[in-house]
Amino acid sequence: MSKVVIENAYIAPVIGEEIANGYLTVENGRITGLGAGAAPKVEGAERINATGCLVTPGLVNTHHHLYQWASQGLYQDSTLFEWLTGLYRTWARMDAEVVYGAAGAGLAWLALTGCTTASDHHYIFPKGRGDLFDAEVRAAAEVGLRFHPCRGSMDRGQSDGGLPPDEVVEKTDEILSSTIETIDRYHDPSFDSMLRVAVAPCSPFSVSEALMRESATLARDKGVRLHTHLAETLDEEEHCREQMGCTPVEYMEKIGWLGDDVWFAHAVHLHDKDIRRFADTGTGTAHCPTSNARLGAGIARVVDLLAAGAPVGLGVDGAASSELTSMAGEMRQAMLFQRAVHGPTALTARQALRIGTLGGARNLGRHNEIGSLEAGKLADIAVWRVDGFRAAISDPVCSLVFGPTPPLARLLVGGRTVVENDELRTVAQDEMGVAGARARARLLREEESR
C-alpha cells in the first residue's frame with residue numbers, strides 16, 4: 001500500500017482556504033488529509049519536501065484531438081472550415097501506428113505541463129487502418145494519465161450537405177454498433193477509474209440528426225457522457241440556420257442534447273438565452289482559448305457562463321490548431337482573453353485555476369473524485385516549483401497562472417509518480433518525442449504516396 005507525504009508546501013486546494021505552509025498525505029491512491037504546519041509522521045511513507053513549491057490539483061483537459069499531433073503547423077492562416085477541408089484527407093491516411101505515436105507524444109506533453117486527466121475526441125476512423133481507438137488507450141495507459149477517450153463519428157459527408165468529404169465518413173449503423181462495442185470493452189465507471197468512454201458525434205455540420213439523436217439515446221442507456229463541438233464559429237451558425245432552421249444551441253435542445261451529462265467544445269458564439277439554458281440544464285463547456293484564437297473563431301463568453309452558474313472547463317484542443325499548448329498555458333490564455341474583453345477583474349488567477357481543475361472535473365462527471373484537494377478524493381496532484389526567479393512573485397497562484405508554466409517537481413496520478421523534476425518517470429521521455437515525430441512523418445508520407 002503506497003503512502004506519500006508532501007510537506008512544507010503552499011497548498012491551493014481550489015475548495016477551501018489556501019494553506020501557506022502545510023502538508024498533504026496520500027494513502028492507497030487517495031488523499032487522506034491536508035493541513036497547516038508540520039506534517040504528521042506516517043510510517044513507510046515517501047516524504048516529498050515541497051519547500052518553494054505550490055501544490056494544486058492536477059489539471060483536467062476536457063477537449064483534445066491527440067491524432068492531430070502528427071499534423072501540427074499546417075494551414076497556419078486559415079479559418080476553421082478552410083483548415084478542416086484542407087486536412088480531412090490528410091487525416092484519412094492515419095493508421096493505428098500514427099495514432100499511437102501521436103497520442104503518446106500528446107499525452108506525455110500534457111503530463112509534463114501538469115495535466116493528470118485528459119479527454120480525447122477521436123472522430124475519424126478510416127477503414128482498414130487498424131484499431132485506432134485501442135492505439136490511444138494503450139498510449140494513455142503507458143504514460144499513466146487518467147483517460148476519457150470519446151468515440152467520435154461523422155456520417156454526413158458532402159453529398160448529404162455536410163462539410164467533410166464522403167471518403168472520411170462512416171455509415172450510421174456501423175458507428176452505433178462500434179460505439180456500443182467500444183463502451184462495453186473499455187468503459188470503467190468505478191470511483192478510481194483510469195479509463196472512461198464518452199459518446200461524441202463530431203459536429204452539426206458533419207453528423208446527421210438521426211445519428212445525433214441515436215447517440216444520445218445510446219449514451220444514456222449505457223450511462224456514459226455526451227460530447228460534441230458546438231458554436232465554434234459564425235460559419236457554423238450560418239450552416240445551422242440554413243440547414244436546420246435554427247441556431248446551434250436551439251438545434252441541440254431540439255434533439256435532446258442539453259443536460260448535466262453533456263459538455264460541448266468551444267461554445268464561442270452563444271446568445272444570452274443559450275447561456276441561460278446551459279445554466280438551467282447543467283450543460284458544460286470546454287473552453288479552448290488558444291485554438292479559438294489561432295483559427296480566428298473568437299473569444300468564448302466565459303465570464304457570462306460562470307456568472308450564470310454554467311459548468312466551464314478548459315481544453316487544449318488538437319495540436320494542429322493549438323501547437324504545443326499546455327493546460328497551464330490555457331489557464332493563462334483564458335484569464336487574459338476575458339480581461340481583454342471585460343477588464344482586469346473579469347477572471348482572476350484563482351478562477352482560472354478552478355476552471356482548469358474542478359471545472360474540468362465537472363465536465364467529465366468526476367467532480368466528486370478529482371479536481372480539488374480534499375480528503376477522500378483521488379490523489380491527482382501537481383507540485384509546481386515557484387522558487388528561483390519565480391520567487392519574486394509573492395503569490396504562488398499568480399506565479400502559476402500569470403507567468404509561463406513553472407517546472408514540475410512532481411506529478412501524481414492516483415498517488416503514482418508520473419513526472420518528477422520535469423522528467424517523465426512512466427515512459428522514456430525522449431522516445432515519446434521521437435514517436436510523435438515519426439507519426440507525423442508516417443502520416444505525411446502516406447499522403448504524398450496516395
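Position 1 is the first residue of the sequence; numbering continues from there. Side-chain atoms are counted along with the backbone in the values below, which use heavy atoms only and exclude waters and symmetry mates.
With hydrogens and angles left out, the side-chain atoms of Ser322 and Ser291 include no donor and acceptor closer than 3.5 Å. A donor atom on one side chain and an acceptor atom on the other are not found under 3.5 Å apart for Thr116 and Arg146. The closest side-chain donor-acceptor pair between Thr283 and Arg277, if any, does not fall under 3.5 angstrom. Side-chain contact of Tyr251 with Gln243: a donor-acceptor pair under 3.5 Å is absent, judged by distance alone.
Side chain of Glu170 to backbone of Ile124: no donor-acceptor contact under 3.5 angstrom is found. With hydrogens and angles disregarded, a donor-acceptor distance shorter than 3.5 Å links the side chain of Ser193 to the backbone of Leu195. Side-chain N or O atoms of Thr285 include none that pairs as donor or acceptor with a backbone N or O of Val312 at under 3.5 Å. Looking at Thr228, its side chain never comes within 3.5 Å of a backbone N or O of Ala200 through a donor-acceptor pair. Of the possible donor and acceptor atoms, one in the side chain of Gln72 sits under 3.5 Å from a partner among the backbone N and O of Trp69. Counting only distance, with no hydrogens or angles, the side chain of Trp109 and the backbone of Leu324 share a donor-acceptor pair below 3.5 Å. One N or O on the side chain of Arg129 and one on the backbone of Arg93 form a donor-acceptor pair closer than 3.5 Å. Put simply, the side chain of Asn292 never gets that close to the backbone of Glu232: no donor and acceptor are under 3.5 Å apart. Put simply, the side chain of Glu18 never gets that close to the backbone of Ala12: no donor and acceptor are under 3.5 Å apart. A donor-acceptor contact shorter than 3.5 Å is absent between the side chain of Arg241 and the backbone of Cys246.
Relative to the ring axis of Phe133, Arg151 does not place its NZ or CZ within 45° and under 6.0 Å from the centre.
No close placement of the His271 and His269 rings is indicated, their centers lying 6.0 Å or farther apart. Taking the six-membered ring where the residue is Trp, the centroids of Tyr67 and His122 are separated by under 6.0 Å. Checked against a 6.0 Å centroid threshold, the rings of His148 and His227 do not count as neighbours.
The residue from Ser153, Ser215, Pro201, Ser208 that alone fulfils the side-chain contact (heavy atoms from CB on, under 4.5 Å) condition with Ile175 is Ser153.
Using cut-offs of 30° and 60° for the angle between ring planes, the His229 and His63 rings count as perpendicular.
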Stepwise, does the side-chain contact (heavy atoms from CB on, under 4.5 Å) test hold for Val413 with Leu145?
CA-CA 7 Å; Val413 179; Leu145 295 194; 4.2 Å; yes

Checking Ile180 against Ile183 for the side-chain contact (heavy atoms from CB on, under 4.5 Å) test, could you report, in this order, the C-alpha distance in whole Å, the side-chain angles of both residues, the deciding distance, and whether it holds?
CA-CA 5 Å; Ile180 291 169; Ile183 295 168; 5.8 Å; no

Show your working on side-chain contact (heavy atoms from CB on, under 4.5 Å) between Val249 and Leu270 and close with a plain yes or no.
CA-CA 8 Å; Val249 175; Leu270 299 180; 3.8 Å; yes

How far apart are the C-alpha atoms of Thr56 and Val14, what are their side-chain angles, what is the distance that settles it, and do they pass the side-chain contact (heavy atoms from CB on, under 4.5 Å) test?
CA-CA 8 Å; Thr56 72; Val14 175; 5.9 Å; no

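Note that the CD atom of Glu253 and the CG atom of Leu258 stand 5.0 Å from one another [nearest 0.5 Å]. Distance check, rounded to the nearest 0.5 Å: NZ of Lys254 to CZ of Arg213 gives 6.5 Å. The distance from the CG atom of Leu74 to the CH2 atom of Trp83 is 10.0 Å, given to the nearest 0.5 Å. Rounding to the nearest 0.5 Å places CG of Leu314 at 11.5 Å from OG1 of Thr325. For the atom pair OG (Ser119) and CG (Asn61), the distance works out to 7.0 Å, reported to the nearest 0.5 Å. Here the OH atom belonging to Tyr123 is positioned 13.0 Å from the CG atom belonging to Leu132, to the nearest 0.5 angstrom.
A salt bridge links Lys127 with Glu174; the closest basic N to acidic carboxylate O contact falls under 4.0 Å. A salt bridge links Asp395 with Arg350: the closest approach of a Lys/Arg side-chain nitrogen to an acidic carboxylate oxygen falls below 4.0 angstrom. The residues Lys222 and Asp184 are annotated as salt-bridged, a charged nitrogen and a carboxylate oxygen being separated by less than 4.0 angstrom. Looking at Arg445 and Glu97, no side-chain N of the basic residue comes within less than 4.0 Å of a carboxylate O on the acidic one, giving no salt bridge. Ion pair Arg385/Asp422 not flagged as a salt bridge, since none of the NZ, NE, NH1 or NH2 atoms sits closer than 4.0 Å to an Asp/Glu carboxylate oxygen. The pair Asp380-Arg366 does not meet the salt-bridge criterion, since no charged nitrogen lies less than 4.0 angstrom from a carboxylate oxygen.
The shortest non-hydrogen separation linking Leu54 to Pro396 is CD2-O, 3.5 Å. When all heavy atoms are compared, the tightest approach of Leu107 to Glu136 is CD1-O, 4.4 Å. Of all heavy-atom pairs spanning Val169 and Pro164, the tightest one is CG1-CG, 3.9 Å. For Gly104 against Val143, the heavy-atom pair with the smallest separation is O-CG2, 4.0 Å. Residue Val268 comes nearest to Ala297 through the heavy atom pair CG1-O, 3.8 Å, listed as atom of the first residue, atom of the second, then distance. Across all their heavy atoms, Ala382 and Gly114 have their closest contact at CB-O, 4.4 Å.
Residues Leu226 and Arg220 form a side-chain contact, since some pair of their non-hydrogen atoms from C-beta on lies under 4.5 Å apart. Using a 4.5 Å heavy-atom cutoff, the side chains of Leu364 and Thr62 are in contact.
Annotation: salt bridge (Lys or Arg N to Asp or Glu O under 4.0 Å) contacts involving residues 295-324, sequence neighbours excluded, comprise Asp272-Arg301, Arg294-Glu323, Arg301-Asp304.
For Glu82, the CD atom sits in a packed shell: over 12 heavy atoms of surrounding residues, nucleotides or ligands are nearer than 6.0 Å.
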